[in-house]
Amino acid sequence: MGSWLDDPDVAHIEKSKLDFLQMLVFESNGLSKEQMLPFLMAVAKRGKDKNISFTEEEMNTIIQTLRKYASPEEIDKMNKMTAIFHNRKK
C-alpha cells in the first residue's frame, strides 16, 4: 500500500500542509498521553508561525485518509488527539 500523502483524496490539499503534517507524525511517535497536549500546543504555534492552517474540511479529509493507512494503534492515537482538540474548542 502506498503513502497517505499520495492518496487522491488529499491531492487538493497544498503539499506544504501535507509535508508539515508528515513531519508532525514522525515527531509525535512515542509520546505519552501526558506529553501529547504540550506537543499539540507547540505544533499549533509552529503552524501559526509558518502561516499553516487547515480548514475543518481539510482536517476531516486528512483524518479519514490517514485512517485508511493506519494500524489499530495509530487509529487509537488519532482518536485521542482529535478528542483533545475537540475538548479544547469547547
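Hydrogens, waters and symmetry mates play no part in the numbers below; they use all other heavy atoms, side chains included.
- A cation-pi contact, defined as under 6.0 Å to the ring centre and within 45° of the axis, is absent between K50 and F20.
- The residue from L21, I13, V10 that alone fulfils the side chain to side chain contact (heavy atoms under 4.5 Å, CB included) condition with E58 is I13.
- Taken from NZ in K68 to CD1 in I75, the straight-line distance is 12.5 Å, to the nearest 0.5 Å.
- When side chains are defined from C-beta on, K17 does not count as touching Q22, because their heavy atoms never get closer than 4.5 Å.
- Remark: I62 CD1 to L18 CG distance equals 5.5 Å, nearest 0.5 Å.
- Residues L66 and E74 have side chains not in contact (no heavy-atom distance under 4.5 Å, counting atoms from C-beta outward).
- Using a 3.5 Å distance cut-off with no hydrogens or angles, the side chains of S71 and E73 do pair a donor with an acceptor.
- Between E27 and F39, some side-chain heavy-atom pair lies under the 4.5 Å cut-off.
- Annotation: side-chain hydrogen bond (donor to acceptor under 3.5 Å, both in side chains) contacts of E34 (sequence neighbours excluded): S32.
- D76 places no side-chain N or O within donor-acceptor distance of the main-chain N or O of P72, the cut-off being under 3.5 Å.
- Inter-residue side-chain proximity for D9 and Q64 is flagged as unmet; no heavy-atom pair is nearer than 4.5 Å.
- At a threshold of 4.5 Å between non-hydrogen side-chain atoms, the residues N79 and R67 count as touching.
- From I63, atom CD1 reaches atom CH2 of W4 across 10.5 Å, with rounding to the nearest 0.5 Å.
- In this structure, S53 OG and M59 CE are separated by 11.0 Å, a value rounded to the nearest 0.5 Å.
- For the pair E14/I52, no side-chain contact is recorded, criterion being any heavy-atom separation below 4.5 Å from C-beta on.
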